[in-house]
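Quick one: this structure, given as structure tokens, is what I'll be asking you about.
Remember, it's 1-based here, ligands and their atoms both numbered in the order they're listed.
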Amino acid sequence: MKRTVEELVRDNIRSLVPYSTARDEYKGSLGVFLDANESPYENGYNRYPPVQRALKEQVSRLKGVVPERVFLGNGSDEAIDLCFRVFCEPGQDNAIAITPSYGMYRVAAAINDIAMREVPLGPNYSLPTKALLAAADERTKLLFLCSPNNPTGNCFDRETMLALADDFDGMVVVDEAYIDFADRESLITALDDHPNLIVLQTLSKAWGMAGLRLGMAFASERVISLFSQVKYPYNINVATMRLVSRLLAEPIDDRVAEIRSQRKRVIAELNGCPCVEKVWPSEANFVLVKVGDARGLYQALIDGGVIVRDRSKMVDCENSLRITVGTPEENDRMLSIVRDYRSC
Ligand SMILES: *Cc1c(COP(=O)(O)O)cnc(C)c1O
């Protein structure tokens, strides 16, 4: 028998009483606010941030999910940390993640004193479904998937991930940081039928707001309300709220289309470079490239003023560089160095 979400939550978190401020209780707009020891002198930022309702409604319209299923955090990194704080008993519980994948799952696990069981991807970076299930025991609370996956760039099959969520006795967190660049539908549309699913997205990549720090989690109302109770009360600052609200109103379709077309071009041109052994297919805004001598090419790129990520130390990524797709001119510069690099 699978545990319910309620049974998976830590005891101390399940019994939390929601914290509310006097400001939450006053619904009018002409009040004099003498409740929070703020400065009364207006400078645009003298008040604590308002409740996140308006921004959640904006995200909710964009994503086609009710506001009660939206959590907003200081980057997706906050949502990743909250998964551990809400579900995992420090020093006792454990979590599972695919590897190679995003490094924050492991970091957040370590900070929360949770053992992380990393399961290598299958052939061609496929989802190792059986091994993931086999890695679980009665103290396993979380399973992290990332699709499109960082750094491999591939998506996992929707039905395979949902079947895994059905079979896994714990919460399944699917990180969709790069979903805007993919040809797939988000798993947000599967939340109704999968109470143990948490979908993470971010404004840091396709939306171009990495500097504002706005991450999102989508899950059942109960999970979102647990996240809201555990987060810091004012986790999204006023400046971020205003800028995000403005930038979310400006469509990104053209930019996403340009990145996707540049991705196609970068893959094609890298494939023609003598030092390149393999370019992995990508549904993200980066490509993973296997070369003869990653260290040497990395250095040649640095010498030419192009910074990429050497992922060679990650599991099953030997001699592999992860290269972000930039503007056509930036890609030109990167490609000309890779094309001319012959000492491998
Ligand atoms: C970049 C990235 C994020 C984004 O994290 P933020 O904290 O929202 O900036 C999340 N997950 C993955 C896999 C990423 O590569």
Side-chain angles (χ1 to χ4, degrees), residues 52 55-56 59 62-63 70-85 95-109 111-112 116 118-119 121 125 127 142-156 161 171-182 184 186-188 197-219 227 231-232 235-237 240-241 243-244 247-248 252 255-256 259 263 280 282-288 307-311 314-315 317 320-326:
Q52 297 172 357
L55 193 53
K56 282 190 177 180
V59 169
L62 208 62
K63 300 291 175 183
V70 178
F71 167 82
L72 303 177
N74 188 332
S76 343
D77 293 346
E78 181 180 5
I80 293 168
D81 184 56
L82 281 169
C83 290
F84 289 100
R85 293 170 68 200
I96 298 172
I98 51 171
T99 186
S101 194
Y102 188 45
M104 269 314 287
Y105 316 138
R106 179 191 312 152
V107 170
I111 289 169
N112 287 286
M116 181 55 100
E118 295 187 325
V119 176
L121 294 175
Y125 298 138
L127 199 62
L142 302 173
L143 166 59
F144 284 89
L145 306 178
C146 182
S147 179
N149 188 36
N150 178 2
T152 57
N154 59 312
C155 283
F156 302 115
M161 286 192 284
M171 302 301 295
V172 176
V173 185
V174 181
D175 187 341
E176 295 186 335
Y178 301 96
I179 192 73
D180 304 295
F181 302 107
R184 325 272 175 133
S186 164
L187 285 194
I188 286 178
L197 186 61
I198 300 174
V199 176
L200 306 182
Q201 291 189 10
T202 180
L203 301 185
S204 295
K205 306 288 155 66
W207 283 96
M209 299 185 224
L212 293 180
R213 312 305 302 130
L214 203 293
M216 302 165 282
F218 306 94
F227 275 30
K231 74 172 179 70
Y232 290 124
N235 62 332
I236 312 293
N237 68 71
T240 293
M241 278 187 173
L243 288 165
V244 162
L247 292 174
L248 272 184
I252 51 164
R255 289 187 202 158
V256 168
I259 295 286
R263 174 178 76 198
W280 291 94
S282 172
E283 295 199 41
N285 66 335
F286 57 82
V287 290
L288 187 69
I307 328 298
V308 302
R309 202 81 203 268
D310 188 351
R311 303 279 66 184
M314 296 185 90
V315 174
C317 289
S320 299
L321 301 181
R322 191 195 68 196
I323 305 179
T324 306
V325 177

Identify, with sequence neighbours excluded, every residue that meets salt bridge (charged side-chain N to carboxylate O under 4.0 Å, His left out) alongside Asp81.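 Salt bridge (charged side-chain N to carboxylate O under 4.0 Å, His left out) list for Asp81, sorted by chain: Arg85.
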
For atom 15 (O) of ligand 1, find the nearest protein heavy atom and state the residue, atom name and distance (0.1 Å precision).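 Result: Tyr178 OH, 2.6 Å.
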
Who pairs with Glu118 by side-chain contact (heavy atoms from CB on, under 4.5 Å), at least two apart in sequence or on another chain? Thr99, Arg106, Met116

Give me the residue, atom name and distance of the protein heavy atom closest to atom 5 (O) of ligand 1. Ser76 OG, 3.4 Å

Backbone or side-chain N or O of Asn74 under 3.5 Å from ligand 1 N or O: no

Any nitrogen or oxygen of Tyr105 lying under 3.5 Å from a nitrogen or oxygen in ligand 1? Just yes or no. no

Which of the numbered atoms in ligand 1 are below 4.0 angstrom from a heavy atom of Lys205?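 In order of number, 1 (C), 2 (C), 3 (C), 4 (C), 14 (C), 15 (O).
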
Rounded to the nearest 0.5 Å, how far apart are CD1 of Ile179 and CD1 of Ile188?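 Here the interatomic distance stands at 8.5 Å.
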
Taking atom CZ of Arg255 as the centre, report whether more than 12 heavy atoms of other residues, nucleotides or ligands fall under 6.0 Å from it. no

What atoms of ligand 1 come within less than 4.0 Å of a heavy atom belonging to Ser204? 6 (P), 8 (O), 9 (O)

With salt bridge (charged side-chain N to carboxylate O under 4.0 Å, His left out) as the test, would you mind laying out the steps for Glu283 and Arg184 before giving the verdict? CA-CA 9 Å; Glu283 295 199 41; Arg184 325 272 175 133; 2.7 Å; yes

How far is atom 12 (C) of ligand 1 from the closest protein heavy atom, and which atom is that?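 That would be Asp175 OD2, 3.4 Å.
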
Which atoms of ligand 1 sit under 4.0 Å from any heavy atom of Asp77? 5 (O), 7 (O)

Out of all atoms in ligand 1, which are within 4.0 Å of some heavy atom of Arg213? Include the element for each.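 Selected atoms, number and element: 6 (P), 7 (O), 9 (O).
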
Contacting atoms of ligand 1, where contact means under 4.0 angstrom from a heavy atom of Cys146: 13 (C)

Hey, do the aromatic rings of Phe144 and Tyr102 have their centres closer than 6.0 Å?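 No - the distance between ring centres of Phe144 and Tyr102 does not fall below the 6.0 Å cut-off.
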
Answer yes if the ring centres of Tyr105 and Phe84 are under 6.0 angstrom apart, and no otherwise.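 They do not qualify: ring centres at least 6.0 Å apart.
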
Atoms of ligand 1 close to Ala177 [distance to a heavy atom under 4.0 angstrom, numbered from 1]: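 Within the 4.0 Å cut-off of Ala177, ligand 1 contributes 2 (C), 3 (C), 10 (C), 11 (N), 12 (C), 14 (C).
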
Tell me, do Phe71 and Ile198 make a side-chain contact under 4.5 Å, heavy atoms counted? no

Just let me know how Met104 lines up against ligand 1, side chain, backbone, both or neither, with a heavy-atom cut-off below 4.0 Å. neither

